[in-house]
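These notes are about the structure you will find just below.
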Amino acid sequence: MATTEKTMASVKEARELYELKQKAAQFYAENGVPAKMEDILNSMFYDNPNDVYGHLANYFQGFAQPAKITSVQARSAFDAKGQRTILTDIFCSVNNKTKLLASSVNSSVSPLLSELAKPEELDDEAKDREAGLEAAINIINKEIASRLQGLQPTAQADIDKVITGYIGELKAAEDERIAREAETQANTEGSDNEKKPGSSITKDKPKSGKSNASSKKGGKGGKGGAPVVVVPDEPRERMVAGSVCLSATSQAVCQAGAAADGNEVYEHVAALRFGQAPQQYRMPLPMVTIFQSGRAAPGKSNCVKEYMLVSPPGKLLNESVPKIFAVYNDVVKAIMGKNGSTPNKKAEKIVARNVTDLGALMVSFDRPEQGLDMIQESMTRLGLTPGEDLYLGLNLAGHEIFDYDIPTGKEKVSQSFPLAEKKLAISSVDEKGKYEVVTGQQKAADDVIDFWVDIITRYPAIIAIIDPFRKQEGQQWMSLCEKISEKCYILGDNVWHRPGLLKDEELTDTFRSSGNVYRLEQMNTITNILECAKKTEEAGNETVLSTNIGDTTDVFLADMAVGMNARFLKVGGASRGERVSKLNRLISLELALQGCGTLAPGGDFSFPVITLPPPPEPEEGDAEEAEVKDSPRKK
């Protein structure tokens with residue numbers, strides 16, 4: 001009996017062992033393990049690698065499953081101004097282990113208000129920024145983390161679409177809530193009017209498209225008493241609380257995608273932009289701010305917000321960037337000397353040596369030429385030639401110096417950084433919009449054209465200007481382009497909508513620019529910026545990638561600029577670590593590309609010539625009416 005039981009147990013074990021072997025054989029066959037093992041063992045003998053197991057690891061890594069997101073975690077960090085921003089961690093499953101693939105610090109959102117805004121307005125903006133930051137962190141840690149789980153970090157477009165879709169849901173819900181509240185308020189007011197004795201309800205007459213003020217005669221500035229119509233600024237897009245989670249998550253995912261593929265970030269961005277990594281990479285030309293001026297700066301000059309030095313094309317950044325720093329340091333010495341300091345005696349008061357949040361010098365200029373002269377004089381002292389060793393660029397920020405001149409006893413309203421509906425209320429015959437180029441000296445848009453043509457003619461080293469006008473002065477913008485675009489880039493920043501909107505808008509000949517400035521902030525995603533850059537480049541625009549005011553030491557933007565083939569990288573000032581870190585990264589990338597033979601030649605500037613579009617052809621009815629009008633009358 002015992003022998004029989006032992007025999008049966010032995011047979012059962014043999015059967016289980018056989019079934020286990022069959023399952024193992026099937027498992028290895030389905031995954032192709034024996035064939036792959038045979039291939040690598042046969043080839044490795046001839047390859048004779050120094051690190052045998054490292055060679056095996058590299059071989060089998062090619063068959064491993066792609067990394068997948070397991071969790072997304074966000075918390076607050078600090079930018080270079082000490083303001084809170086977002087740090088986003090992307091954890092992925094890699095080779096059956098959970099790893100941190102990216103820890104990205106997003107630049108904080110650039111302020112909408114200028115330094116000249118009222119303290120209470122600045123406080124309100126700071127509170128809104130803090131509330132938006134908290135909402136963004138909450139959204140990332142809950143909704144976005146849940147929606148991205150299991151996705152591959154290399155699927156940038158799909159992930160950007162997911163997070164954009166969620167913010168779209170929040171915005172739609174907010175719009176619906178606002179509409180309900182407005183309807184409720186309207187119904188309440190209507191009920192109150194009905195209860196009041198003697199009240200009557202009248203319907204509003206349909207609007208004709210013209211305000212009563214604009215239909216009056218006798219207004220100033222037009223021919224035959226025609227009124228001067230000042231076009232108000234376009235209302236800013238309403239951002240949902242927490243929308244900054246878009247740029248923060250998009251940047252972190254891009255860095256995680258590069259790590260998952262084992263590539264440099266610029267290589268990963270290039271693959272996203274062009275479909276595959278190119279054979280050669282062109283280095284972006286740094287635009288480095290030496291002076292920050294404008295309305296917020298001391299002195300009378302308002303029309304230049306930033307005086308920038310630009311590296312020349314065709315020369316290595318390793319050669320040109322040190323020259324930029326040399327000019328900056330020489331300018332600092334010159335400023336100290338003019339304020340009474342000596343090498344052995346520290347100046348008692350050097351107000352002009354203040355360094356702004358942008359990392360630039362803020363000095364007192366009474367004329368825009370003063371900043372240009374100081375930079376060029378410094379270059380001359382250093383043996384450098386303006387327009388050859390280094391070029392000049394100007395950020396004019398026209399929207400910040402535009403005023404509504406109201407001479408009818410009303411309070412003068414600056415439209416530098418207007419708030420929402422306030423802009424729409426200001427439009428009447430008594431108003432005349434001008435640009436205050438110097439304190440107390442306002443110029444109409446037509447006069448501003450001649451002003452800048454004269455400056456650029458006298459300073460031929462200027463090869464780029466940003467936002468000379470508001471977009472509302474489109475005719476003057478195009479006229480300026482026609483006069484200077486063959487020798488100077490006219491770059492659009494504030495005049496364009498954010499990439500997520502601009503990529504779907506139709507580009508026309510009635511308003512053009514030489515290039516577009518992009519920032520990775522708020523609702524801007526990597527995908528939107530790359531798509532928009534592709535669209536505008538096909539229309540003849542150069543790409544400018546810019547840092548934000550609240551920048552961090554994260555060097556992602558330097559890699560992104562190289563990968564997307566941006567022509568310029570606007571880094572801010574020549575001091576402060578968050579600015580210098582981008583320049584150091586560019587030089588490192590240039591040396592690496594040069595070493596492996598993938599550095600493309602810089603080439604010369606290629607200025608797209610912009611001309612005024614031909615006037616629209618009159619329709620058949622209009623042509624006949626004009627012909628009758630111009631024909632001689634019968635006596």
Side-chain angles (χ1 to χ4, degrees), residues 282-289 304 306-315 317 320 324 368 372 375-376 379 385-398 448-469 471 473-496 502 507-518 532-546 561 564-571 600-614:
R282 183 185 68 174
M283 296 303 297
L285 302 177
M287 305 179 82
V288 183
T289 305
V304 181
E306 295 178 71
Y307 295 83
M308 300 175 290
L309 281 176
V310 185
S311 291
K315 294 185 180 181
L317 300 184
S320 62
I324 293 176
L372 296 169
I375 293 174
Q376 292 197 155
M379 292 178 67
T385 303
E388 182 177 330
D389 293 298
L390 293 171
Y391 290 88
L392 295 169
L394 302 175
N395 180 10
L396 307 181
V448 174
I449 297 174
D450 298 331
F451 178 81
W452 287 121
V453 169
D454 175 63
I455 293 287
I456 292 171
T457 301
R458 289 190 286 119
Y459 295 88
I462 299 175
I463 53 89
I465 59 174
I466 301 175
D467 284 355
F469 294 99
K471 189 174 184 177
E473 280 70 59
Q475 181 178 353
Q476 287 79 8
W477 176 291
M478 291 295 293
S479 296
L480 180 63
C481 287
E482 187 170 53
K483 293 178 182 295
I484 66 172
S485 61
E486 63 180 1
K487 57 185 176 181
C488 181
Y489 293 108
I490 298 90
L491 306 174
D493 184 0
N494 190 75
V495 298
W496 297 112
L502 182 59
L507 302 178
T508 66
D509 289 336
T510 57
F511 188 90
R512 295 177 56 193
S513 63
S514 308
N516 299 63
V517 181
Y518 302 106
C532 196
K534 178 182 179 181
K535 176 180 180 177
T536 55
E537 285 171 7
E538 291 174 350
N541 287 264
E542 294 284 8
T543 295
V544 184
L545 193 61
S546 175
M564 68 185 296
N565 197 38
R567 189 49 167 162
F568 300 102
L569 175 61
K570 188 172 177 290
V571 302
D604 295 328
F605 287 125
S606 178
F607 301 106
V609 178
I610 300 174
T611 58
L612 286 169

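If you're wondering where the values come from, they're calculated on a predicted model, not measured in any experiment. When a residue number appears, it is its place in the shown sequence, counting from 1.
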- request: Could you check Met287 against Leu309 for side-chain contact (heavy atoms from CB on, under 4.5 Å), going step by step and ending with a plain yes or no?
  value: CA-CA 6 Å; Met287 305 179 82; Leu309 281 176; over 6 Å; no

- request: For side-chain contact (heavy atoms from CB on, under 4.5 Å), just list the numbers for Thr457 and Ile484, CA-CA rounded to whole Å, side-chain angles, deciding distance to a tenth of an Å, and then say yes or no.
  value: CA-CA 9 Å; Thr457 301; Ile484 66 172; over 6 Å; no

task: Kindly determine whether Leu502 and Asn516 satisfy side-chain contact (heavy atoms from CB on, under 4.5 Å), including the steps that lead there.
output: CA-CA 11 Å; Leu502 182 59; Asn516 299 63; 3.8 Å; yes

message: Nearest 0.5 Å, please: how far is CD1 in Ile449 from CH2 in Trp477?
response: 12.0 Å

Closest heavy-atom pair and its distance - Ala539, Leu507: CB-CD1, 3.8 Å

query: Heavy atoms, side chains only, cut-off 4.5 Å: are Trp496 and Thr536 in contact?
result: no

message: Asp389: which residues meet the salt bridge (Lys or Arg N to Asp or Glu O under 4.0 Å) condition with it, sequence neighbours left out?
response: Lys315, Lys323

query: Should Ser513 and Asn541 be marked as a side-chain hydrogen bond (donor to acceptor under 3.5 Å, both in side chains) after you check the CA-CA gap, both sets of side-chain angles, and the distance that decides it?
result: CA-CA 7 Å; Ser513 63; Asn541 287 264; 2.8 Å; yes

message: Has Ser485 got a side-chain atom pairing as donor or acceptor with Ile610's backbone, closer than 3.5 angstrom?
response: yes

message: If you define the side chain from C-beta out and look only at heavy atoms, does anything of Leu285 sit under 4.5 Å from Arg567?
response: yes

- request: For residues Arg512 and Thr508, report the shortest heavy-atom separation together with the two atoms involved.
  value: CG-O, 3.5 Å

- request: Evaluate whether atom NZ of Lys483 has more than 12 neighbouring non-hydrogen atoms of other residues, nucleotides or ligands under 6.0 angstrom away.
  value: no

- prompt: Can you find a pair of side-chain heavy atoms, one from Pro286 and one from Leu569, that are under 4.5 Å apart?
  reply: no

- prompt: Closest approach of Thr611 and Met478, non-hydrogen atoms and distance?
  reply: O-CE, 3.6 Å

message: With a 4.5 Å cut-off on side-chain heavy atoms, are Ile462 and Leu394 touching?
response: yes

message: Could you check whether any side-chain heavy atom of Met379 comes within less than 4.5 Å of a side-chain heavy atom of Thr385, counting everything from C-beta outward?
response: no

field: For Leu545 against Ala561, the heavy-atom pair lying closest together
entry: CD2-N, 3.7 Å

Straight-line distance of Glu473 CD to Ser479 OG, nearest 0.5 Å: 12.0 Å

- line: Taken in chain and number order and not counting sequence neighbours, the residues that satisfy salt bridge (Lys or Arg N to Asp or Glu O under 4.0 Å) with Glu542 are none

- prompt: Within a reach of under 6.0 Å around CD of Gln475, are more than 12 heavy atoms found that belong to other residues, nucleotides or ligands?
  reply: no

message: Can you tell me which residue among Val517, Leu396, Val544 is in a side-chain contact (heavy atoms from CB on, under 4.5 Å) with Asp493?
response: Val517

- prompt: Where the side chain of Tyr391 meets the backbone of Met308, is there a donor-acceptor pair that is under 3.5 Å apart?
  reply: no

field: Atom pair CG (Leu372) and CZ (Arg458), whose distance is rounded to the nearest 0.5 Å
entry: 9.0 Å

- prompt: Going by heavy atoms in the side chains, are Lys471 and Phe511 under 4.5 Å from each other?
  reply: yes

task: Might you point out which heavy atoms bring Leu390 and Pro312 nearest each other, and give the distance in Å?
output: CD2-CD, 4.2 Å

- line: Across all chains, not counting sequence neighbours, the side-chain contact (heavy atoms from CB on, under 4.5 Å) partners of Phe607 are Ile463, Tyr489, Phe605

Spatial distance of atom OG1 (Thr510) from atom CG (Leu612) [nearest 0.5 Å]: 11.0 Å

- request: With the side chain counted from C-beta on, respond yes when Leu317 and Ser311 share a heavy-atom pair under 4.5 Å apart, and no when they do not.
  value: yes

query: Below 4.5 Å, heavy atoms only, C-beta onward: do Asp454 and Phe451 meet side chain to side chain?
result: no

- request: Report the C-alpha distance between Asp467 and Ile490 in whole Å, list the side-chain angles of each, state the deciding distance to 0.1 Å, and finish with yes or no for side-chain contact (heavy atoms from CB on, under 4.5 Å).
  value: CA-CA 7 Å; Asp467 284 355; Ile490 298 90; over 6 Å; no

message: Strictly distance-based, threshold 3.5 Å: is any side-chain N or O of Asn395 a donor or acceptor partner for the main-chain N or O of Glu306?
response: no

- prompt: Can you tell me how far SG of Cys532 sits from OH of Tyr518, rounded to the nearest 0.5 angstrom?
  reply: 4.0 Å

- prompt: Between Trp452 and Phe469, does a ring-ring contact (aromatic ring centres under 6.0 Å, His included) hold up when you go through it step by step?
  reply: CA-CA 11 Å; Trp452 287 121; Phe469 294 99; 9.0 Å; no

- prompt: Of all heavy-atom pairs between Val310 and Leu392, which one has the smallest distance, and what is that distance?
  reply: CG2-C, 4.2 Å

